[in-house]
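All remarks here apply to the structure that follows.
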Amino acid sequence: MTRRIIPLDVIAKRPASRMCGGSTGCSAQSAACTTSAPAAGSPTDDLPASVRERIKEHPCYSEEAHHFFARMHLAVAPGCNIQCHYCNRKYDCANESRPGVVSKVLSPDAAIAKVLAVAARMPQLSVVGIAGPGDPLLNAERTFATFAGIAEMLPDIKLCLSTNGLALPDHIERIKALNIHHVTITINAVDSNIARRIYPWIVYEGRRWTGLEAARILIARQLEGLSLLVAADVLVKVNSVLIPGINDHHLAAVNAAIKARGAFLHNIMPLISDPAHGTHFGLTGQRGPTSSELKAVQDTLGSDARLMKHCRQCRADAVGLLGQDRGQEDFAPAAAEAIAAAADKRKDYRQIVDKERTDRQRAATVATDTLKAVAALERARLVAVCTKGGGRVNQHFGHASEFQIFEVDRNGVRLVGHRRAGRYCQGGAGEDEVLDAVIAALEGVSAVLCAKIGRCPAERLKAAGIETLEEYAFQYIEPAVAAYFRAQTASLRPTASSA
Ligand code: CLF
Ligand code: SF4
């Protein structure tokens with residue numbers, strides 16, 4: 001069957017009257033249509049429907065949602081109450097962002113105006129987060145004033161907060177009162193002897209603490225805050241920065257400690273360390289982990305660790321789908337009519353996504369079932385996918401600045417992360433040096449699935465042992481990866497009905 005594929009950006013722009021029906025005809029709005037249907041093998045498969053409902057539009061808490069929904073960060077929190085060895089105050093908070101200067105710290109009023117302007121133009125927007133550039137709870141008045149303004153103007157947008165946790169126990173009631181249902185705490189260690197190698201000092205109760213005492217206070221406050229949030233029915237994600245030689249062998253203990261206290265998700269992020277950023281770790285030669293080292297730590301934690309693997313380490317002023325950064329775009333102030341109309345567009349967009357994710361999940365389930373026929377001895381493969389969102393193989397190889405990496409074996413298709421590389425196609429011409437970097441970034445990958453690829457890069461990748469395939473263009477990702485694997489392992493040819 002030939003399917004008409006509607007790109008995500010076109011879906012987002014369609015008027016409400018044309019939205020019903022989608023690309024595959026009308027389906028009854030069953031319970032499955034209104035519940036977040038996780039991708040095959042996602043860490044949220046086992047959740048009760050009530051929790052899935054709470055995360056289904058959050059691009060960080062739901063792996064599936066990140067294909068469809070956008071987040072926006074507001075840089076309203078400049079100061080910090082601790083020092084992390086991976087942070088330089090001139091740069092974004094490394095807890096939630098890749099190093100890079102925040103273009104501008106905003107006042108609460110300016111931040112609210114910016115959200116209204118973005119929401120008027122981006123129906124995919126579902127979450128507004130405050131994640132820096134310092135600690136949002138040290139800047140509590142600015143943070144909560146911003147959230148209160150957004151809650152009043154855009155009640156359908158979810159609020160999200162990311163903190164180092166030191167001040168967290170003092171703010172549980174305000175978090176709850178403002179309906180901030182998603183909070184991230186960065187916890188890099190639960191052993192003071194390890195934590196002291198990451199945090200040289202903290203400021204707590206009006207004085208500066210160093211060494212073991214600082215580490216003990218910070219860990220105790222982080223774990224207390226986590227327990228209080230869970231008791232208040234807030235979904236808590238814990239971020240941990242993986243620092244080779246310091247906490248790599250300790251993250252299993254961190255995972256156990258946070259799970260015991262009810263954390264919802266654990267996000268292990270690679271340390272970004274570059275002398276140019278001027279951080280202590282960067283200047284003293286502490287390296288970050290390789291992709292294989294990160295995956296090895298994640299694999300060690302096992303399948304019940306509930307790990308987030310699609311984090312993009314966003315800037316504290318990021319805007320857009322994860323992996324996109326439209327924060328530097330100039331969003332002109334929105335008129336009152338545009339703000340009101342945008343609420344309807346978001347509603348319509350969510351209905352379309354409900355339909356799309358139901359179709360996608362159905363296709364993924366069928367594809368996963370067919371994998372059981374693959375021989376048990378077949379080794380797992382890593383497959384890179386070029387995607388612009390929507391959960392489909394829908395991007396040209398030359399336009400991809402990152403690849404989503406999936407692992408496939410007879411048990412299913414699982415997202416294991418993403419790898420960044422420069423964009424190969426620079427205004428029509430291919431860049432050989434960029435291609436070298438792309439091939440290096442794809443180390444260990446068996447195949448790239450994309451919407452289109454030129455003969456030249458396809459031959460270079462083939463010479464490097466990486467197959468490139470266009471035949472899955474515009475299909476859903478998991479079924480496409482499953483079909484590739486079946487074709488590889490049992491000489492079955494992929495068919496349109498497999499997607
Ligand atoms: Fe922002 Fe963080 Fe909320 Fe998401 S990001 S405050 S939970 S809305 Fe997401 Fe970005 Fe990773 Fe953070 S991809 S860095 S986990
Ligand atoms: Fe930097 Fe964030 Fe650590 Fe504060 S909590 S030192 S802003 S990384």
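As the structure lists them, so they are numbered: ligands from 1, and atoms in each ligand from 1.
- Listed by number with element, the atoms of ligand 2 under 4.0 angstrom from any heavy atom of C87 are 1 (Fe), 6 (S), 7 (S), 8 (S).
- Aromatic pair H171/F144: centroids less than 6.0 angstrom apart.
- When each atom of ligand 2 is checked for a heavy atom of P133 under 4.0 Å away, the hits are 7 (S).
- Within ligand 2, the atoms closer than 4.0 Å to a non-hydrogen atom of N164 are 5 (S), numbered from 1 in the order shown.
- For ligand 1, the atoms sitting less than 4.0 Å from at least one non-hydrogen atom of V127 are 8 (S), numbered in the order shown with element in parentheses.
- In summary, the atoms of ligand 1 found under 4.0 Å from a heavy atom of T184, numbered by their order in the structure, are 7 (S).
- Looking at C80 against ligand 2, only its side chain comes within 4.0 Å, counting heavy atoms.
- Against a heavy-atom cut-off of under 4.0 Å, Y86 is close to the following atoms of ligand 2: 8 (S).
- Of all the listed residues (K158, H66, H73), H73 holds the heavy atom that lies closest to atom 6 (S) of ligand 1.
- Listed by number with element, the atoms of ligand 1 under 4.0 Å from a non-hydrogen atom of C60 are 4 (Fe), 5 (S), 7 (S), 9 (Fe), 13 (S), 15 (S).
- The closest approach between a heavy atom of M269 and any atom of ligand 1 is not below 4.0 Å.
- Distances below 4.0 Å separate heavy atoms of R312 from the following atoms of ligand 1: 11 (Fe), 13 (S).
- For the residues P200, A77, C84, G165, the heavy atom positioned nearest atom 3 (Fe) of ligand 2 is part of C84.
- In this structure the side chain of Q395 reaches within 4.5 angstrom of the side chain of H399, judged on heavy atoms.
- The shortest side-chain heavy-atom distance between P244 and Q286 falls under the 4.5 Å cut-off.
- Side-chain contact between E356 and R360 is absent, with no heavy atoms from C-beta onward closer than 4.5 Å.
- With a 4.5 Å cut-off on side-chain heavy atoms, I82 and C80 count as touching.
- Ligand 1 places these atoms under 4.0 Å from at least one heavy atom of L322: 13 (S).
- When side chains are defined from C-beta on, R414 does not count as touching I405, because their heavy atoms never get closer than 4.5 Å.
- Of the heavy atoms in Q313, only backbone atoms (N, CA, C, O) come closer than 4.0 Å to ligand 1.
- Taking 4.0 Å as the cut-off, G134 counts as a neighbour of ligand 2 on heavy-atom distance.
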If you apply the rule salt bridge (charged side-chain N to carboxylate O under 4.0 Å, His left out), what do you find for K347 with D156, and how did you get there?
CA-CA 9 Å; K347 206 168 150 194; D156 63 309; over 6 Å; no
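- If you number the atoms of ligand 1 from 1 as listed, the ones under 4.0 Å from a heavy atom of C160 come out as 3 (Fe), 6 (S), 7 (S), 8 (S).
- At a 4.0 Å cut-off, not a single heavy atom of D135 sits close enough to ligand 2 to count as contact.
- For E57 and R350, the salt-bridge test passes: some basic side-chain N is under 4.0 Å from an acidic carboxylate O.
- When heavy-atom distances to ligand 1 are checked against a 4.0 Å cut-off, H310 has no atom that comes that close, whether in backbone or side chain.
- When all heavy atoms are compared, the tightest approach of S273 to G288 is CB-N, 4.3 Å.
- Relative orientation of the F403 and F397 rings is tilted, given thresholds of 30° and 60° on the angle between their planes.
- Annotation: side chain of K56 is not in contact with side chain of F69 (no heavy-atom distance under 4.5 Å).
- When side chains are defined from C-beta on, V76 counts as touching I130, because their heavy atoms get closer than 4.5 Å.
- Taking a 4.0 Å cut-off on heavy atoms, H182 fails to register as neighbouring ligand 1.
- Under 2.8 Å from atom 10 (Fe) of ligand 1 lies no N/O/S atom of C311, from backbone or side chain alike.
- The ligand atoms of ligand 2 that sit less than 4.0 angstrom from a heavy atom of I82 are 4 (Fe), 5 (S), 6 (S).
- Using a 4.0 Å cut-off to heavy atoms of K237, the atoms of ligand 1 that qualify are 7 (S), 15 (S).
- Checked against a 6.0 Å centroid threshold, the rings of H418 and H310 do not count as neighbours.
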